[in-house]
Amino acid sequence: MTLVSASLLAADFGCLRDEVKSVEKAGCDWLHLDIMDGHFVSNLSFGVPVIKSLRPITKMPFDTHLMVQNPDEMLPWFAESGSDIITVHLEACRDVVATLGKIRALGKKAGVSLRPQTPISGLENLLDKLDLILLMTVNPGFGGQTFMPDQLQKIADVRTMIGQKNIYLEVDGGINPKTAKLCSNAGADVLVAGSAVFKTDNYAEALAELKK
Ligand code: DX5
Ligand code: ZN
């Protein structure tokens, strides 16, 4: 089954509570929370107080994507604010095995994300230490970018690498009904979608289109 994780970055920040309730009611599976520090990526988004204030209003799992330079020191913040999955960038970790261990020790599912240019070889010795692999299909930092089709082979290669292991394969960036299909066929089972959900006027239809 393919899951959709709606990226809050594309929601109307003036009424986040309504946006989250609407997307959950429309059948969304997870809520994707893009945390940007202005260093790892050249953009800022939102932080812990926003997550904390949304936690009580929805049952959707919080899928937190840390695009930050020093994830280790922030892990307890996101664990305490109600994230269920915490994903760090391989490129930002000095000791990724230790970082993944810290996430699991906090009782959360541990994810690793790769930028489009980062090879998948760095994942090989991590497979028993993580619960989710997030492949970026745009350069991280901004919503609304165009999907990079050269990432499809990488998705297929990671799917092969995962084999029968219980690991989610999530894709993020430029996902719309057309690219969603390409990614699912290549082996992705979680689709992050910002614009393709929140920039439409019917979230239920948008989610159904993505899952088709
Ligand atoms: C980009 C973020 C994405 C972004 C996706 O750095 O990681 O999650 O919100 O936005 P869309 O779906 O609009 O490409
Ligand atoms: Zn993201």
Side-chain angles (χ1 to χ4, degrees), residues 2-13 16 19-20 23 26 28-47 50-51 54 60-69 71 74 78 83-92 103 108-118 130-152 154-155 158 168-184 188-201 203 205-211:
T2 305
L3 304 177
V4 176
S5 189
S7 172
L8 193 70
L9 198 61
D12 181 345
F13 277 39
L16 282 183
E19 291 278 64
V20 170
V23 85
C28 191
D29 302 291
W30 295 358
L31 192 65
H32 185 82
L33 301 164
D34 286 304
I35 307 301
M36 303 179 183
D37 67 349
H39 295 281
F40 184 75
V41 292
S42 53
N43 196 10
L44 286 171
S45 56
F46 52 86
V50 173
I51 301 181
L54 294 175
M60 285 186 289
F62 280 4
D63 167 32
T64 299
H65 177 192
L66 296 182
M67 284 162 276
V68 303
Q69 200 58 64
M74 300 182 188
F78 292 98
S83 297
D84 298 281
I85 303 157
I86 302 178
T87 297
V88 294
H89 266 267
L90 183 64
E91 306 87 359
I103 299 173
K108 306 300 172 183
K109 285 192 161 63
V112 160
S113 181
L114 303 186
R115 285 185 179 130
Q117 298 82 359
T118 303
L130 48 74
D131 305 288
L132 179 145
I133 295 169
L134 170 54
L135 294 181
M136 292 306 303
T137 44
V138 299
N139 285 311
F142 297 88
Q145 302 183 75
T146 303
F147 179 82
M148 298 165 70
D150 61 352
Q151 297 303 303
L152 288 167
K154 191 174 178 182
I155 298 166
V158 173
Y168 290 110
L169 177 49
E170 182 175 47
V171 289
D172 184 6
I175 301 298
N176 57 41
K178 195 167 155 235
T179 57
K181 200 176 196 114
L182 298 174
C183 291
S184 302
D189 53 10
V190 187
L191 307 167
V192 176
S195 312
V197 175
F198 285 111
K199 304 293 190 206
T200 71
D201 49 21
Y203 298 171
E205 263 176 28
L207 291 164
E209 280 296 316
L210 290 166
K211 290 191 181 211

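We count ligands from 1, going down the list as the structure has it; atoms in each ligand are counted the same way.
- The Zn ion (ligand 2) lies closest to atom OD1 when only the N/O/S atoms of D34 are considered.
- Not one N or O of N139 is nearer than 3.5 Å to an N or O of ligand 1, by distance alone.
- Note: F40 and H89 have tilted aromatic rings, judged against thresholds of 30 and 60 degrees for the angle between ring planes.
- For atom 13 (O) of ligand 1, the closest non-hydrogen atom of the protein is S195 OG, 2.5 Å.
- Residue-level proximity to ligand 1 for A193 is carried by the backbone, the only part with a heavy atom below 4.0 angstrom.
- The shell of residues lying under 4.0 angstrom from ligand 1, judged by heavy atoms, excludes A196.
- The side chain to side chain contact (heavy atoms under 4.5 Å, CB included) test with L66 singles out one residue from I86, T87, I103, and that residue is I86.
- Residue K181 places its NZ atom among 12 or fewer non-hydrogen atoms of other residues, nucleotides or ligands, all under 6.0 Å distant.
- Atom 6 (O) of ligand 1 has G141 N, 2.7 Å as its closest protein atom, hydrogens excluded (heavy atom only).
- Atoms of ligand 1 found under 4.0 Å from any heavy atom of H32 (numbered from 1 in listed order, with element): 8 (O).
- Taking the Zn ion (ligand 2) as the apex, the angle formed with OD2 of D172 and ND1 of H65 is 90°, to the nearest 10 degrees.
- At a cut-off of 3.5 Å, with distance as the only test, a side-chain donor of D34 or H32 sits close to an acceptor on the other residue.
- Listed here is the closest heavy atom pair of F142 and S42: CZ-O, 3.4 Å.
- Each of the atoms 6 (O), 7 (O) of ligand 1 lies under 4.0 Å from some heavy atom of M67.
- If you number the atoms of ligand 1 from 1 as listed, the ones under 4.0 Å from a heavy atom of H65 come out as 7 (O).
- Looking only at atom types and distance, the side chain of E91 has a donor-acceptor partner in the side chain of T118 under 3.5 Å away.
- Closest of all the heavy-atom pairs between G173 and V138 is C-CG1, 3.5 Å.
- Of all the atoms in ligand 1, the ones that sit under 4.0 Å from a non-hydrogen atom of G173 are 14 (O).
- Of the candidates N176, V192, D172, L8, the one placing a heavy atom closest to atom 5 (C) of ligand 1 is D172.
- Considering backbone and side-chain N/O atoms, G144 comes within less than 3.5 Å of an N/O atom of ligand 1.
- Within the listing of ligand 1, atoms 6 (O) sit less than 4.0 angstrom from a heavy atom of P140.
- At least one N or O atom of G194 sits closer than 3.5 Å to an N or O atom of ligand 1.
- Protein heavy atom in closest approach to atom 2 (C) of ligand 1: D34 OD1, 3.4 Å.
- For ligand 1, the atoms sitting less than 4.0 Å from at least one non-hydrogen atom of L9 are 9 (O), numbered in the order shown with element in parentheses.
- Residue contact annotation: K199 has no non-hydrogen atom under 4.0 Å from ligand 1.
- By the 4.5 Å heavy-atom criterion applied to side chains, T179 and T137 are not counted as neighbours.
- Nearest heavy atoms, L169 versus I155: CD2-O, 3.6 Å.
- Among all non-hydrogen protein atoms, the one lying nearest atom 9 (O) of ligand 1 is S7 OG, 2.8 Å.
- With hydrogens and angles left out, the side-chain atoms of N176 and E209 include no donor and acceptor closer than 3.5 Å.
- Ranking the protein heavy atoms by distance from atom 1 (C) of ligand 1 puts F142 O, 3.5 Å first.
- The protein non-hydrogen atom at the shortest distance from atom 10 (O) of ligand 1 is G143 CA, 3.5 Å.
- Here the closest non-hydrogen pair linking V190 and S5 is CG1-CB, 4.1 Å.
- With F198 as the partner, the side chain to side chain contact (heavy atoms under 4.5 Å, CB included) test is satisfied by one option alone out of V23, L9, D12: V23.
- Protein heavy atom in closest approach to atom 14 (O) of ligand 1: G174 N, 2.9 Å.
- Smallest separation of non-hydrogen atoms from S195 and A10: N-CB, 3.6 Å.
- The nearest pair of heavy atoms linking G141 to N43 is O-ND2, 2.8 Å.
- Ligand 1 places these atoms under 4.0 Å from at least one heavy atom of M136: 7 (O).
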